[in-house]
There are 2 protein chains.
Amino acid sequence: MANQSDTKTKILDSAEKLFAERGFSETSLRLITSKAEVNLASVNYHFGSKKELIRAVLARYMDVFMPAAAAAIIQVKQQKQCASLDDIFSSLVSPLLDLNTVRTEGTLIFLQLLGRGYIESQGHLRWFITTHYGQYLTQFVHAVAESAPEIPAAEMFWRLHFTLGTVVFTMASADALTEIAAADFEEHNDIEAVIRKVIPYLSAGVSAPVG
Amino acid sequence: MANQSDTKTKILDSAEKLFAERGFSETSLRLITSKAEVNLASVNYHFGSKKELIRAVLARYMDVFMPAAAAAIIQVKQQKQCASLDDIFSSLVSPLLDLNTVRTEGTLIFLQLLGRGYIESQGHLRWFITTHYGQYLTQFVHAVAESAPEIPAAEMFWRLHFTLGTVVFTMASADALTEIAAADFEEHNDIEAVIRKVIPYLSAGVSAPVG
DNA sequence: GTTTAATTTAAACGAGTGTTTAAATCATTA
DNA sequence: TAATGATTTAAACACTCGTTTAAATTAAAC
């Protein structure tokens, strides 16, 4: 019984790293299990299938991040009567960075997984996210909409997806970008620095005057 | 000799559609050739390998779009002394939409291919683009930097990548998004409408005040 | 019309995939 | 300790993939 959760954790730890780096379908179960130093068949024994492993990897982060993010937004709206978009986005920073304490490089891995999930999977992951965490998503959308009431709902729909694209793409290629930036501009750019750079960009974009 | 280019074109037409829809590695040569109604081996005969087919699919659009985009930017800078970011981004719209006259749904397919290419391929495609079309890219970066001189170079580096992420992600999931938007807001959203929605978002983001 | 080259075709190859099986091993409980 | 259930293991299965081969077909050149 002690080894069960040990094997399960080893698989999850190995899988999330590889999934974030190379994507879901480009990562084979054999690579995951060999890096985790467990048997190939243990994935299907503990998780049932590769699809369910993918969902389990994502759920481990979602279950931590989503409630924390929801609480942070509620807190911001209590402290400030009229929270700005910058306030809303900024309130998500510490829930994101707290994932680094949960697991090594947790923040980066979570954001990369999110990006891979949104781009790669046509069906099962998007369904999994919306059905399991849909309440949090709508709550977040409402908070943003309240902070930019001049933007019509239809326009806001698109701008939030633009925002998602910005975040997801940036994080999916964050490794390469921070290297280039460090070489070209001699700046120190860890994941937190990138997050803090992107927030003004997103706020300005979401609240841009409607053409 | 008449059938050679015929088969080649049939393969390219079938491949670009499937690549844009489901990504490169998720699209098998057998699916491409069966939809194109040609023999499986003809891909390797005419293109050498799957990688070279991918490059050929992308090059067919790049060779049309890149010179047209470059010309459009030059024209804008001649007409207006101080072209705004909106002007620069907007000048790319008609070169993009002109791809629809080259091939059916050309604009959408091109942008989706670009997105897939940037996200999926770690090496060969990124190398192919920068070495073959790098001159156009640097020209575009300079034009943007000129239109937002208050943004430091290091900050602009990041914001242009945010911009790339927005465009690429939006287009990669454009099919799903336009469907949802149509259902939720009863709006008509073709690819041009999305492009025109994203431009104010990008302009505001790139020129946002630096924190 | 014959020869030569280009193209198409069907079949197979070797490697890699997720999944399943049944035996072996381990831990727990009686 | 013996028995029972949980877990691990090695092997095989069935399938898909990109690529290659060699023969068949078509087109071009002489």
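Labels below follow one simple rule: chain letters A, B, ... track the order of the sequence lines, proteins then strands, and each chain is numbered from 1.
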Could you tell me if [Y] and [X] have a donor-acceptor pair between their side chains, going purely by distance under 3.5 Å?
X	Y	answer
Arg55(B)	His124(B)	yes
Thr166(B)	Thr166(A)	yes
Tyr45(B)	Thr7(B)	no

Mind calculating the distance between [atom1] ([X]) and [atom2] ([N]) to the nearest angstrom?
X	N	atom1	atom2	result
Glu26(A)	dT17(C)	CD	C1'	13 Å
Leu29(B)	dG18(D)	CG	P	4 Å
Tyr45(B)	dT26(D)	OH	P	15 Å
Leu31(B)	dC15(D)	CG	P	19 Å
Lys51(A)	dT19(C)	NZ	P	9 Å
Glu37(A)	dA10(D)	CD	P	13 Å
Leu40(B)	dG18(D)	CG	P	8 Å
Ile32(A)	dT19(C)	CD1	C1'	14 Å

Give a yes/no on whether any side-chain N or O of [X] is located under 4.0 angstrom from OP1 or OP2 of [N].
X	N	answer
Ser49(B)	dG18(D)	no
Ser28(B)	dC17(D)	yes
His46(B)	dA6(C)	no
Thr7(A)	dT8(D)	yes

Answer with base, sugar-phosphate or nothing: what part of the nucleic acid does Thr33(A) contact at a heavy-atom distance below 4.0 Å?
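The residue Thr33(A) makes no contact with any strand.
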
Would you mind classifying the nucleic acid contact of Ser25(A) as base, sugar-phosphate or nothing, using non-hydrogen atoms under 4.0 angstrom?
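Since no nucleic acid heavy atom lies under 4.0 Å of Ser25(A), the category is nothing.
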
Name of the residue among Lys8(B), Arg60(B), Lys35(B) meeting salt bridge (charged side-chain N to carboxylate O under 4.0 Å, His left out) with Asp13(B)
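That would be Arg60(B).
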
With DNA chain C as reference, determine whether Ser42(B) or Gly48(A) sits nearer its 5' end, using the nearest nucleotide of each.
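Mapping each residue to its closest nucleotide by heavy atoms, the 5'-most match is Ser42(B).
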
Looking at Arg196(A) and Glu192(A), does any basic side-chain N land under 4.0 Å from a carboxylate oxygen?
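Yes, charged N to carboxylate O under 4.0 Å.
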
Between dG18(D), dT9(C), dT19(C), which nucleotide gets closest to the side-chain atoms of Asn39(B)?
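Of all the options, the side chain of Asn39(B) is nearest to dT9(C).
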
Nearest listed nucleotide, side chain of Ala41(A), among dT19(D), dC17(D), dT21(C):
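Comparing dT19(D), dC17(D), dT21(C) against the side chain of Ala41(A), the answer is dT21(C).
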
Looking at dG18(D), does its base get a donor-acceptor pair with the side chain of Arg30(B) below 3.5 Å?
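A donor-acceptor contact between them is present.
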
